[in-house]
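Heads up, the thing below is written out as structure tokens.
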2 protein chains.
Amino acid sequence: MKKKTTIYDIAKELNVTVSTVSRALNGFSTISDATKKAVLETAKKMNYSPNKLASSLKSGKTQTIGVIVPSTQVHFFASVIHSIEQTLKNNGYRVLLYQSNESLENEINGVKTLLEAQVDGIIASMSLETEDVSHFKSVIKQNKPLILFDRTHKDIEAPSVTINDFDAGYMATQHLVDKGYRNIGFVTTSHQIKIFNDRYEGFKQALKDNNLSIAEENIVFGGLSIKDGRFGAGKLLRSTNLPDAIIAGDDFTALGVIKKLKENNLVPPHIGVMGFANETFSAFITPSLSTIDQQANKMGAECAKMFLKMVKKKNPYDNIEHIILEPVLVERQSTDKN
Amino acid sequence: MKKKTTIYDIAKELNVTVSTVSRALNGFSTISDATKKAVLETAKKMNYSPNKLASSLKSGKTQTIGVIVPSTQVHFFASVIHSIEQTLKNNGYRVLLYQSNESLENEINGVKTLLEAQVDGIIASMSLETEDVSHFKSVIKQNKPLILFDRTHKDIEAPSVTINDFDAGYMATQHLVDKGYRNIGFVTTSHQIKIFNDRYEGFKQALKDNNLSIAEENIVFGGLSIKDGRFGAGKLLRSTNLPDAIIAGDDFTALGVIKKLKENNLVPPHIGVMGFANETFSAFITPSLSTIDQQANKMGAECAKMFLKMVKKKNPYDNIEHIILEPVLVERQSTDKN
DNA sequence: CTGAAAGCGCTAACAG
DNA sequence: CTGTTAGCGCTTTCAG
């Protein structure tokens, strides 16, 4: 195994100094076309590949951004990562990935690891466990760009990119009302996470604006999963005030609701069902599920752009922006009551 | 913004030298408990965070692995990445992510970027466009571990982790035969990719072993997508020799097939349908889709383990292993003919 | 237009 | 048990 060639090797080869080689390689103007050409040629001939580690050590910039997400197995996060990487790669940045697996401990380790790797910034979505956020504050303290998306936290003074979940809830509800449903139930999580809360608030407001009352008995707080959906639907089916539509906290829960309804011969859209997230499967189940799209790709792109903007400023936290994307209603069969 | 504290700062603080500090920090035994304790304490007090860049430059190891996949938006790849990152993080490695987007040019850029970042190895699945593989050979030439998964290439002499796609095809076919189907059609891609070809070969062998003939008119070569599935099924429905079961090249195509069949009141399992990949949606559509699971998580874990094994050897390519995982049959409603 | 030399932060051989 | 010192590969003043 021959040693990798460095700028020293190519300097020696050409009887110039490393500074000359460095300049030529970096396309500085203060260099004669002749030597520049020579350098470039021998570089290629000697199969030179720059060691970015060395320049990073010198410059203090790694051209690398850290991304922390709960799990790439969740389609939403995979999509966000997709567009972050796409956007940033075109701007000369690399992506260092870290999964928290919804564990605070992992998340803390994540920012530590990324910081030690000297990333130029971090884009993250918090784990469900996270309450104390001092680990995130440490990146702000270093004056490195930190951008939070989707799952943010009120104690962190950093830019964020989120969906307007109040509108999402409102939109889902209004859609059902528009379709003629009047007695709308809600199956969601008791977890005190902002986004779920906001959706619920939007739901309530929409009902109020339409002069519809909230049937407290038709609100089920549990978890979010297919199983929870079945459970929630089961509870509503036993209600003395059977709802004519059900909104679920996410698409998986909605799927559970649909399954339970079908088993009871109350196939949507006879009873309307709405979810949140627009998972891949939602278009393909029967009946196909109306839902609210979370704009994952746009969210990723916005995070990336935000980072690029921040990284240019001497003080990234000069004037903190919070981007709130509008959710998008996806109408499908499960609410298509005519 | 105060400068970051280095081992020099903490050395000065304690009136010792950097070597002492370095030793203490790295837990060397040749250091007195007293100084070690002092160092650790002041390190914490001064909020010290090591600059891994510097040690990497020195050691030539970055503790970082590069991962190249077509797209994280494809659930299979997202799952593989998930387990790669999970496994490697527990062994002190970070993951640098690069998406090729099925473009050869991007892929070439990917290995260049990762190599310049001095990754300790690369795990990759090739883009559909890739024919010439010299870019991958360059990583082997550097004697750095390269592991290919799922989409490999015969010209690359590197370890690989794949699924036995012949068995996958065989298994799918045998399952249909076991369920009583006798006249089995196939809707797949004309693209000459090994994995698709292997599945088709497995299909043919299984028919032969069961003394069933291949109805050439019931083999459709096109693309792989919902649309292609509908198209393929349409063609088979017009066949003079209507099949009683259809295998599709992947789950999306199978979904298209199912949709078409349902429109023609030939709801599976009346006509049996099988897919490949076990996408998330496959369990949730109606009827739920029988399919062959590709073992994404296991594949990722195996890639990671292979890397760890290789990175330990002085010559990683000493004795190249090819791990072939067995696919797993997932029986669901679409083939449940009784 | 080019050279000399210092230094980014850390490790490790060598010396005591 | 601790200190000295020479780099890792590259960038970047400061001189010429």
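Computed over heavy atoms, backbone and side chain alike; hydrogens, waters and symmetry mates excluded. Proteins come first, then strands; the chains are lettered A, B, ... in the order of their sequence lines, and each starts at number 1.
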Given DNA chain C, 5'-ward residue of the pair A:Val16 and B:Thr6, judged by closest heavy atom: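 Closest to the 5' end, via its nearest nucleotide, is A:Val16.
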Would you mind listing every ring pair (Phe, Tyr, Trp, His ring centres under 6.0 Å) that reaches into residues 34-88 of chain A, with sequence neighbours excluded?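 Residue pairs with at least one partner in residues 34-88 of chain A: there are none.
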Let me check the geometry of the helix from C:dC1-D:dG16 to C:dG16-D:dC1. What is the bend angle between the axes at its two ends, five pairs each, to 10°?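 About 40° separates the two local helix axes.
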Who pairs with A:Glu321 by side chain to side chain donor-acceptor pair (under 3.5 Å), at least two apart in sequence or on another chain?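 Per chain and number, A:Glu321 pairs via side chain to side chain donor-acceptor pair (under 3.5 Å) with A:Lys309.
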Looking only at atom types and distance, does a side-chain atom of B:Lys52 sit under 3.5 Å from a main-chain N or O of A:Thr113, one as donor and one as acceptor?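 Between the backbone of A:Thr113 and the side chain of B:Lys52 there is no qualifying donor-acceptor contact (under 3.5 Å).
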Donor-acceptor pair, A:Asn26 side chain versus A:Arg23 backbone, under 3.5 Å?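 Flag not set: sc A:Asn26 to bb A:Arg23 has no pair under 3.5 Å.
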Approximate separation, where rounding is to 0.5 Å, of A:Tyr98 OH and A:Asn101 CG: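 Output value for this atom pair is 9.5 Å.
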Residues B:Lys112 and B:Glu107 bridged, charged N to O under 4.0 Å: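 Salt bridge between B:Lys112 and B:Glu107, a charged N being under 4.0 Å from a carboxylate O: no.
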Among all residues two or more places apart in sequence or in another chain, which pass the salt bridge (Lys or Arg N to Asp or Glu O under 4.0 Å) test with B:Lys305?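 So B:Lys305 forms a salt bridge (Lys or Arg N to Asp or Glu O under 4.0 Å) with B:Glu302.
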Pairing residues for B:Lys61 by the salt bridge (Lys or Arg N to Asp or Glu O under 4.0 Å) criterion, not counting sequence neighbours: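 So B:Lys61 forms no salt bridge (Lys or Arg N to Asp or Glu O under 4.0 Å) with any residue.
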Output the rounded distance in Å from CG (B:Leu14) to C1' (D:dT2).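 Interatomic distance, CG of B:Leu14 to C1' of D:dT2: 13 Å.
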Can you pull every protein N or O that's under 3.5 Å from an N or O on nucleotides 11-15 of chain D?
residue	atom	partner	partner atom	Å
D:dT11	OP2	A:Ser22	OG	2.8
D:dT11	OP2	A:Asn26	ND2	3.4
D:dT11	O2	A:Lys58	NZ	3.1
D:dT13	O4	A:Arg23	NH2	3.2

